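Following: one structure in structure tokens, then a few remarks.
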Amino acid sequence: MNLEVSAADQFTAQRHFIGTITPSGNTVVERVTLGVTRCLPLVSAHFSRTPVFGSKDPSPDAYAIDGLLAAARLLAHAAPQVLLWNGSKGATIGIAHDRALIDAVQAETGITTTTSILGLVAVLAKTGISRCAVVTPYSESGHRNTIACLEREGIHCVADANSGLSDNLSYASVSAARISAMVRQVAAVKPQAVLCLCTNFPAAVVAAPMEAELGIPVFDSTALGVWHALQLCGADTRAAAPAWGSLFLQTL
């Protein structure tokens with residue numbers, strides 16, 4: 001008897017639909033999302049983009065809401081259960097901006113909405129974690145702005161490391177070996193968790209092996225967005241944990 005599942009069966013089995021808005025200069029979000037959903041055959045992922053690219057942000061202290069709403073409207077045509085802004089800017093400009101963004105998207109589309117940084121807030125609340133080490137690919141000024149923002153939000157940063165980059169596309173070029181080295185560096189002070197922030201930073205791929213090596217959670221912002229969207233649509237994410245880390249064992 002042929003035990004293989006046919007393409008038709010795989011297609012019709014999908015019952016959880018998530019729509020993701022990604023920055024236009026990002027090459028990580030779709031790859032990580034599709035990597036996670038390959039472990040979760042009941043999930044179907046769909047994407048739209050909004051302009052975020054280069055080294056100069058034309059709206060450094062707020063969201064460019066028109067572009068985000070336009071991307072959300074297009075995704076809403078497919079009627080996903082959840083919409084996700086998988087960008088990490090809220091960790092630099094303040095989480096209140098993310099809350100205002102989801103209110104605006106939900107008012108526009110009628111669809112439950114979240115962001116990667118609201119996923120971070122959710123998992124820290126669930127686990128009771130407040131002492132974190134932070135790893136980013138950002139320039140020194142961008143990195144320091146992120147640390148200061150997290151501190152204002154009650155997330156205490158006990159150690160940090162960054163790659164010193166400023167162009168959005170370059171963040172995706174940081175190697176897994178370099179990210180792992182930074183995670184090891186900050187883990188030496190024994191934080192409750194390591195946070196890897198920037199959704200064009202491919203830290204999600206090292207989360208599981210670093211957790212196995214270090215014995216502490218490693219939460220990546222791209223994976224956080226995927227996890228929170230899946231939680232909100234009722235998907236069981238546990239099968240993704242071996243490849244993508246302990247985050248996917250958490251439930252809301």
Side-chain angles (χ1 to χ4, degrees), residues 1-24 26-50 68 70-87 102 105-106 108-116 118-120 122-123 126-127 172 176 196 199-212 217-252:
M1 184 173 64
N2 185 359
L3 298 179
E4 293 185 3
V5 179
S6 71
D9 287 340
Q10 292 179 56
F11 183 85
T12 56
Q14 292 177 322
R15 63 191 65 174
H16 299 298
F17 291 77
I18 60 170
T20 296
I21 303 168
T22 179
S24 60
N26 190 301
T27 62
V28 170
V29 165
E30 286 120 329
R31 291 152 76 187
V32 169
T33 304
L34 294 173
V36 171
T37 58
R38 275 194 289 271
C39 304
L40 306 172
L42 301 185
V43 176
S44 180
H46 307 271
F47 302 94
S48 189
R49 287 177 174 253
T50 191
L68 285 160
R73 289 187 202 104
L74 291 175
L75 280 170
H77 294 167
Q81 292 167 279
V82 176
L83 289 171
L84 164 66
W85 161 237
N86 209 337
I102 69 164
V105 172
Q106 288 174 168
E108 182 79 16
T109 66
I111 298 172
T112 298
T113 303
T114 189
T115 74
S116 64
L118 293 180
L120 171 62
V123 80
K126 174 71 188 300
T127 57
C196 298
T199 63
N200 205 24
F201 185 48
V205 300
V206 308
M210 285 292 95
E211 289 180 338
V218 177
F219 297 143
D220 163 73
S221 55
T222 310
L224 283 161
V226 180
W227 166 81
H228 200 222
L230 292 174
Q231 290 294 307
L232 291 173
C233 70
D236 183 344
T237 61
R238 291 174 295 177
W244 298 96
S246 65
L247 170 66
F248 291 92
L249 296 175
Q250 298 293 332
T251 57
L252 295 179

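If you're wondering where the values come from, they're calculated on a predicted model, not measured in any experiment. Below, all heavy atoms of this structure are taken into account, side chains as well, without hydrogens, waters or symmetry copies.
The side-chain heavy atoms of R238 and L249, taken from C-beta on, include a pair separated by under 4.5 Å. In this structure, N200 and V29 have side chains that are not in contact, with every pair of non-hydrogen atoms separated by 4.5 Å or more. Under the 4.5 Å side-chain criterion, counting only non-hydrogen atoms from C-beta, N86 is in contact with S116. Put simply, the side chain of L34 reaches to within 4.5 Å of the side chain of F47, judged on heavy atoms. Between W85 and L118 there is no side-chain heavy-atom pair separated by less than 4.5 Å.
Heavy atoms only, all atoms of each residue included: P217 and E211 are closest at CA-OE2, 3.4 Å. Shown here for A72 and V105, the closest heavy-atom pair between the two residues is CB-CG1, 3.8 Å. Heavy-atom minimum distance, A207 versus V218: CB-O, 3.7 Å. L40 and D236 get closest at one heavy-atom pair: CD2-O, 3.4 Å. When every heavy atom of A13 is checked against every heavy atom of L42, the shortest pair comes out as O-CD2, 3.4 Å. Taking all atoms of both residues into account, the shortest heavy-atom contact from A204 to W244 is O-CE3, 3.8 Å.
Checking side-chain atoms of Q106 against main-chain N and O of T112 turns up no donor-acceptor pair under 3.5 Å.
Heavy atoms from other residues, nucleotides or ligands lying under 6.0 Å from CZ of R73 number more than 12.
Expressed to the nearest 0.5 Å, how far CD1 of I21 lies from OG1 of T115 amounts to 10.5 Å. Here OG1 of T33 is found 6.0 Å from CD1 of I18. Values are rounded to the nearest 0.5 Å. Taking OG from S48 and CG from L84, the interatomic distance works out to 12.0 Å, rounded to the nearest 0.5 Å. The structure places CD1 of I102 at 7.0 Å from OG1 of T113, a figure rounded to the nearest 0.5 Å. Distance check: H16 NE2 to T37 OG1 gives 12.5 Å after rounding to the nearest 0.5 Å.
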Under 3.5 Å, which donor-acceptor pairs link side chains of residues 222-234 to any protein atom two or more places apart or in another chain?
residue, atom, partner, partner atom, Å
T222, OG1, T199, O, 3.2
W227, NE1, L247, O, 3.2
W227, NE1, Q250, O, 3.0
H228, ND1, T114, OG1, 2.7
Q231, OE1, L252, N, 3.0
Q231, NE2, T237, OG1, 3.4
Q231, NE2, Q250, O, 3.3

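For the side chain to side chain donor-acceptor pair (under 3.5 Å) test, residues two or more places apart in sequence or in another chain that qualify with E30 are R49.
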